[in-house]
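See below for the structure under consideration.
Since the structure is predicted, the reported quantities are computational estimates derived from the model, not experimental observations. For the numbers below, each heavy atom of this structure counts, side chains included, while hydrogens, waters and symmetry mates do not. Starting from 1, each residue takes its place in the sequence as its number.
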Amino acid sequence: MKQIIDFLPVVAFFGVWLATGRDIYYATAALMGAAVIQLAVFKLKAWPIPGQVWFVFWAAMIFGTMTLVFRNPLFIQWRPTVVNWILALVIIGSRFVGRGNYVQRALGKVMVLPNRAWRALTYGWAGVFALSGTINIWVAYTFSEDAWVYYKFVSGFVVSFLLVGGSFIYLAATGQLPSLPAKGDLEASQSRQRESTPSRDGNP
(Lines give C-alpha, C1' and ligand atoms only; values in the text may rest on other atoms or scores of the structure.)
Protein backbone atom coordinates (compact mmCIF):
# COMPACT_ATOMS: atom_id res chain seq x y z
CA MET A 1 0.00 0.00 0.00
CA LYS A 2 2.88 2.35 0.69
CA GLN A 3 3.93 2.04 -2.95
CA ILE A 4 0.48 3.21 -4.05
CA ILE A 5 0.57 6.14 -1.63
CA ASP A 6 3.98 7.15 -2.99
CA PHE A 7 2.49 7.76 -6.44
CA LEU A 8 -0.67 9.51 -5.19
CA PRO A 9 0.50 13.12 -5.81
CA VAL A 10 1.65 12.54 -9.38
CA VAL A 11 -1.48 10.54 -10.24
CA ALA A 12 -3.70 13.26 -8.73
CA PHE A 13 -1.84 15.95 -10.69
CA PHE A 14 -2.20 14.11 -13.99
CA GLY A 15 -5.80 13.03 -13.40
CA VAL A 16 -7.04 16.50 -12.48
CA TRP A 17 -5.07 18.02 -15.37
CA LEU A 18 -6.93 15.76 -17.79
CA ALA A 19 -10.32 16.18 -16.06
CA THR A 20 -10.16 19.99 -16.11
CA GLY A 21 -9.22 20.37 -19.75
CA ARG A 22 -5.47 20.55 -19.11
CA ASP A 23 -5.57 23.28 -16.47
CA ILE A 24 -2.19 23.19 -14.77
CA TYR A 25 -3.35 25.37 -11.86
CA TYR A 26 -6.13 22.99 -10.84
CA ALA A 27 -3.64 20.16 -11.28
CA THR A 28 -1.16 21.95 -9.01
CA ALA A 29 -3.81 22.39 -6.33
CA ALA A 30 -4.60 18.67 -6.64
CA LEU A 31 -0.91 17.84 -6.23
CA MET A 32 -0.79 19.87 -3.02
CA GLY A 33 -3.97 18.25 -1.71
CA ALA A 34 -2.68 14.77 -2.53
CA ALA A 35 0.58 15.53 -0.70
CA VAL A 36 -1.44 16.42 2.40
CA ILE A 37 -3.48 13.22 2.08
CA GLN A 38 -0.29 11.21 1.64
CA LEU A 39 1.12 12.59 4.88
CA ALA A 40 -2.21 12.05 6.68
CA VAL A 41 -2.26 8.38 5.64
CA PHE A 42 1.21 7.89 7.12
CA LYS A 43 0.00 9.48 10.34
CA LEU A 44 -3.23 7.47 10.51
CA LYS A 45 -1.43 4.19 9.79
CA ALA A 46 1.25 5.09 12.35
CA TRP A 47 3.90 4.44 9.73
CA PRO A 48 7.29 6.07 10.29
CA ILE A 49 7.53 9.07 7.97
CA PRO A 50 10.81 9.03 6.01
CA GLY A 51 12.67 12.27 5.54
CA GLN A 52 12.10 11.98 1.80
CA VAL A 53 8.32 12.11 2.29
CA TRP A 54 8.61 15.27 4.36
CA PHE A 55 10.94 16.81 1.78
CA VAL A 56 8.61 16.02 -1.14
CA PHE A 57 5.65 17.34 0.88
CA TRP A 58 7.25 20.72 1.58
CA ALA A 59 8.50 20.97 -2.01
CA ALA A 60 4.92 20.48 -3.22
CA MET A 61 3.63 23.10 -0.79
CA ILE A 62 6.29 25.71 -1.60
CA PHE A 63 6.46 25.34 -5.38
CA GLY A 64 2.71 24.77 -5.63
CA THR A 65 1.92 27.92 -3.66
CA MET A 66 4.31 29.97 -5.79
CA THR A 67 2.69 28.59 -8.95
CA LEU A 68 -0.81 29.54 -7.80
CA VAL A 69 0.09 32.93 -6.34
CA PHE A 70 2.18 34.13 -9.29
CA ARG A 71 0.16 32.21 -11.89
CA ASN A 72 3.36 30.92 -13.42
CA PRO A 73 3.66 27.19 -14.23
CA LEU A 74 7.44 27.37 -14.32
CA PHE A 75 7.52 27.08 -10.53
CA ILE A 76 5.78 23.70 -10.51
CA GLN A 77 7.84 22.62 -13.52
CA TRP A 78 11.03 23.32 -11.60
CA ARG A 79 9.85 21.32 -8.58
CA PRO A 80 10.80 17.82 -9.88
CA THR A 81 14.21 19.11 -10.95
CA VAL A 82 14.99 20.69 -7.57
CA VAL A 83 13.69 17.62 -5.70
CA ASN A 84 15.69 15.17 -7.82
CA TRP A 85 18.90 17.19 -7.73
CA ILE A 86 18.73 17.58 -3.96
CA LEU A 87 17.99 13.86 -3.55
CA ALA A 88 21.05 13.09 -5.69
CA LEU A 89 23.21 15.26 -3.40
CA VAL A 90 21.70 13.69 -0.28
CA ILE A 91 22.38 10.19 -1.60
CA ILE A 92 26.01 11.01 -2.38
CA GLY A 93 26.43 12.85 0.93
CA SER A 94 25.05 9.89 2.85
CA ARG A 95 28.22 7.98 1.95
CA PHE A 96 30.20 10.40 4.10
CA VAL A 97 27.81 11.35 6.90
CA GLY A 98 26.54 8.93 9.56
CA ARG A 99 26.62 5.15 9.38
CA GLY A 100 25.70 3.39 6.19
CA ASN A 101 24.08 5.28 3.34
CA TYR A 102 20.72 6.17 1.82
CA VAL A 103 20.51 3.16 -0.49
CA GLN A 104 21.63 0.76 2.22
CA ARG A 105 18.97 2.08 4.57
CA ALA A 106 16.37 1.65 1.82
CA LEU A 107 17.35 -1.88 0.79
CA GLY A 108 19.29 -3.19 3.78
CA LYS A 109 16.16 -4.64 5.34
CA VAL A 110 15.78 -7.14 2.52
CA MET A 111 19.36 -7.89 1.46
CA VAL A 112 22.91 -7.91 2.73
CA LEU A 113 25.62 -6.74 0.31
CA PRO A 114 29.33 -5.97 0.48
CA ASN A 115 30.33 -2.34 0.84
CA ARG A 116 31.51 -2.10 -2.78
CA ALA A 117 28.01 -3.01 -3.97
CA TRP A 118 26.38 -0.38 -1.74
CA ARG A 119 28.89 2.16 -3.07
CA ALA A 120 28.08 1.35 -6.70
CA LEU A 121 24.33 1.46 -6.05
CA THR A 122 24.71 4.78 -4.25
CA TYR A 123 26.39 6.46 -7.22
CA GLY A 124 24.00 4.75 -9.61
CA TRP A 125 20.90 5.97 -7.77
CA ALA A 126 22.33 9.49 -7.46
CA GLY A 127 23.05 9.48 -11.19
CA VAL A 128 19.48 8.46 -12.02
CA PHE A 129 18.01 11.24 -9.88
CA ALA A 130 20.43 13.84 -11.27
CA LEU A 131 19.69 12.82 -14.86
CA SER A 132 15.94 12.79 -14.23
CA GLY A 133 16.06 16.33 -12.84
CA THR A 134 18.08 17.53 -15.81
CA ILE A 135 15.77 15.96 -18.38
CA ASN A 136 12.73 17.37 -16.58
CA ILE A 137 13.81 20.99 -16.87
CA TRP A 138 15.05 20.45 -20.43
CA VAL A 139 11.60 19.14 -21.40
CA ALA A 140 9.93 22.06 -19.59
CA TYR A 141 11.90 24.67 -21.54
CA THR A 142 12.10 22.84 -24.88
CA PHE A 143 8.63 21.40 -25.39
CA SER A 144 5.04 22.40 -24.75
CA GLU A 145 3.38 22.41 -21.35
CA ASP A 146 1.32 19.39 -22.39
CA ALA A 147 4.47 17.46 -23.31
CA TRP A 148 5.98 18.29 -19.93
CA VAL A 149 2.90 17.02 -18.04
CA TYR A 150 2.99 13.72 -19.92
CA TYR A 151 6.72 13.46 -19.25
CA LYS A 152 6.22 14.20 -15.56
CA PHE A 153 3.58 11.47 -15.25
CA VAL A 154 5.61 8.81 -17.07
CA SER A 155 8.99 9.72 -15.57
CA GLY A 156 7.88 9.01 -12.01
CA PHE A 157 7.26 5.36 -12.88
CA VAL A 158 10.32 5.15 -15.13
CA VAL A 159 12.66 6.41 -12.40
CA SER A 160 11.32 3.84 -9.94
CA PHE A 161 11.80 1.09 -12.53
CA LEU A 162 15.36 2.23 -13.28
CA LEU A 163 16.29 2.28 -9.59
CA VAL A 164 14.92 -1.20 -8.86
CA GLY A 165 15.57 -2.81 -12.24
CA GLY A 166 18.99 -1.24 -12.65
CA SER A 167 20.03 -2.36 -9.18
CA PHE A 168 18.91 -5.92 -9.92
CA ILE A 169 20.72 -5.98 -13.28
CA TYR A 170 23.94 -4.64 -11.74
CA LEU A 171 23.91 -7.14 -8.88
CA ALA A 172 23.08 -10.04 -11.21
CA ALA A 173 25.75 -9.04 -13.76
CA THR A 174 28.46 -8.76 -11.09
CA GLY A 175 27.46 -11.96 -9.30
CA GLN A 176 26.46 -10.11 -6.15
CA LEU A 177 22.72 -10.79 -6.22
CA PRO A 178 21.98 -12.46 -2.88
CA SER A 179 19.26 -14.95 -2.09
CA LEU A 180 16.82 -13.57 0.43
CA PRO A 181 17.71 -14.98 3.85
CA ALA A 182 15.29 -15.92 6.59
CA LYS A 183 14.45 -13.12 8.99
CA GLY A 184 16.70 -14.42 11.78
CA ASP A 185 19.60 -14.95 9.40
CA LEU A 186 19.10 -11.47 7.92
CA GLU A 187 19.20 -9.79 11.32
CA ALA A 188 22.37 -11.67 12.23
CA SER A 189 24.00 -10.76 8.92
CA GLN A 190 23.04 -7.10 9.32
CA SER A 191 24.54 -7.09 12.81
CA ARG A 192 27.81 -8.55 11.51
CA GLN A 193 27.81 -6.08 8.64
CA ARG A 194 27.37 -3.10 10.98
CA GLU A 195 30.26 -4.34 13.09
CA SER A 196 32.50 -4.73 10.05
CA THR A 197 31.49 -1.46 8.33
CA PRO A 198 34.47 0.92 8.29
CA SER A 199 34.15 4.33 9.89
CA ARG A 200 33.30 7.35 7.78
CA ASP A 201 36.99 8.30 7.92
CA GLY A 202 37.68 5.44 5.56
CA ASN A 203 37.01 5.27 1.83
CA PRO A 204 33.31 5.69 0.93
Side-chain angles (χ1 to χ4, degrees), residues 1-91 93-94 97-98 102-103 105-107 109-110 125-126 128-141 143-164:
M1 182 176 181
K2 285 185 179 180
Q3 288 73 18
I4 298 175
I5 296 299
D6 286 341
F7 288 108
L8 180 61
V10 67
V11 171
F13 180 93
F14 186 71
V16 171
W17 180 76
L18 287 177
T20 57
R22 301 179 179 181
D23 189 307
I24 198 167
Y25 299 112
Y26 280 116
T28 297
L31 172 72
M32 297 169 68
V36 173
I37 293 173
Q38 181 185 49
L39 202 61
V41 170
F42 272 85
K43 291 282 190 179
L44 290 173
K45 293 288 186 178
W47 293 336
I49 304 177
Q52 180 180 340
V53 172
W54 280 111
F55 173 56
V56 171
F57 168 80
W58 285 112
M61 295 299 106
I62 293 171
F63 285 94
T65 298
M66 293 171 71
T67 298
L68 298 178
V69 170
F70 296 106
R71 307 300 287 181
N72 187 342
L74 273 178
F75 289 111
I76 202 65
Q77 289 176 324
W78 265 99
R79 186 195 70 89
T81 292
V82 172
V83 167
N84 283 324
W85 283 352
I86 291 179
L87 282 176
L89 291 175
V90 168
I91 291 171
S94 69
V97 179
Y102 181 95
V103 180
R105 289 195 296 271
L107 300 180
K109 293 181 179 180
V110 295
W125 280 37
V128 169
F129 280 117
L131 180 61
S132 177
T134 301
I135 294 176
N136 172 79
I137 204 60
W138 174 73
V139 171
Y141 278 97
F143 299 97
S144 67
E145 184 179 289
D146 287 3
W148 174 80
V149 173
Y150 282 112
Y151 165 78
K152 180 181 184 300
F153 179 70
V154 173
S155 66
F157 299 95
V158 171
V159 167
S160 295
F161 174 79
L162 287 176
L163 294 178
V164 177

Original post:
With Tyr26, which residues qualify under ring-ring contact (aromatic ring centres under 6.0 Å, His included), at least two apart?
Top reply: none

Subject >> ring-ring contact (aromatic ring centres under 6.0 Å, His included) involving Phe70 - partner list, sequence neighbours excluded >> reply: Phe75

Search all heavy atoms of [X] against all heavy atoms of [Y] and return the closest pair with its distance.
X: Val16; Y: Ala30; value: CG2-CB, 3.4 Å
X: Gly64; Y: Thr28; value: CA-CG2, 3.6 Å
X: Ala126; Y: Ala88; value: O-CB, 3.4 Å
X: Gly133; Y: Thr81; value: O-OG1, 2.7 Å

Find out whether [X] and [Y] are in side-chain contact, i.e. whether some heavy atom of one side chain is under 4.5 Å from a heavy atom of the other.
X: Pro48; Y: Phe42; value: no
X: Leu39; Y: Trp54; value: yes
X: Arg79; Y: Val56; value: yes
X: Phe55; Y: Pro50; value: no
X: Val36; Y: Phe57; value: yes
X: Trp58; Y: Val53; value: no

Go through the structure and list residues passing side chain to side chain donor-acceptor pair (under 3.5 Å) with [X], not counting sequence neighbours.
X: Thr134; answer: Trp85
X: Asn84; answer: Ser132
X: Ser155; answer: none

Subject >> For Asp23, salt bridge (charged side-chain N to carboxylate O under 4.0 Å, His left out) partners two or more places apart >> reply: none

Original post:
Are Asn72 and Met66 close enough, and set up right, to give a side chain to side chain contact (heavy atoms under 4.5 Å, CB included), and what steps lead you there?
Top reply: CA-CA 8 Å; Asn72 187 342; Met66 293 171 71; over 6 Å; no

Rounded at 0.5 Å granularity, tell me how far [atom1] in [X] sits from [atom2] in [Y].
X: Trp17; Y: Ile24; atom1: CH2; atom2: CD1; value: 8.5 Å
X: Leu162; Y: Leu131; atom1: CG; atom2: CG; value: 8.5 Å
X: Ile5; Y: Trp47; atom1: CD1; atom2: CH2; value: 6.0 Å
X: Ile76; Y: Met32; atom1: CD1; atom2: CE; value: 8.0 Å
X: Ile91; Y: Ile86; atom1: CD1; atom2: CD1; value: 12.0 Å

**OP:** Quick one: sort the Trp138 and Phe143 rings into parallel, tilted or perpendicular, breaks at 30° and 60°.
**Re:** perpendicular

Subject >> CA sep, side-chain torsions, deciding dist, call: Tyr150, Phe14, ring-ring contact (aromatic ring centres under 6.0 Å, His included) >> reply: CA-CA 8 Å; Tyr150 282 112; Phe14 186 71; 5.6 Å; yes

Original post:
Should Asn136 and Trp148 be marked as a side-chain hydrogen bond (donor to acceptor under 3.5 Å, both in side chains) after you check the CA-CA gap, both sets of side-chain angles, and the distance that decides it?
Top reply: CA-CA 8 Å; Asn136 172 79; Trp148 174 80; 2.8 Å; yes

Subject >> Stepwise side chain to side chain contact (heavy atoms under 4.5 Å, CB included) test for Phe13 and Lys152 >> reply: CA-CA 10 Å; Phe13 180 93; Lys152 180 181 184 300; 4.2 Å; yes

Original post:
Does the pair Leu87 and Trp125 meet the rule for a side chain to side chain contact (heavy atoms under 4.5 Å, CB included), with working shown?
Top reply: CA-CA 9 Å; Leu87 282 176; Trp125 280 37; over 6 Å; no

**OP:** Take Gln77 and Thr67, measure what side chain to side chain contact (heavy atoms under 4.5 Å, CB included) needs, and give me the verdict at the end.
**Re:** CA-CA 9 Å; Gln77 289 176 324; Thr67 298; over 6 Å; no

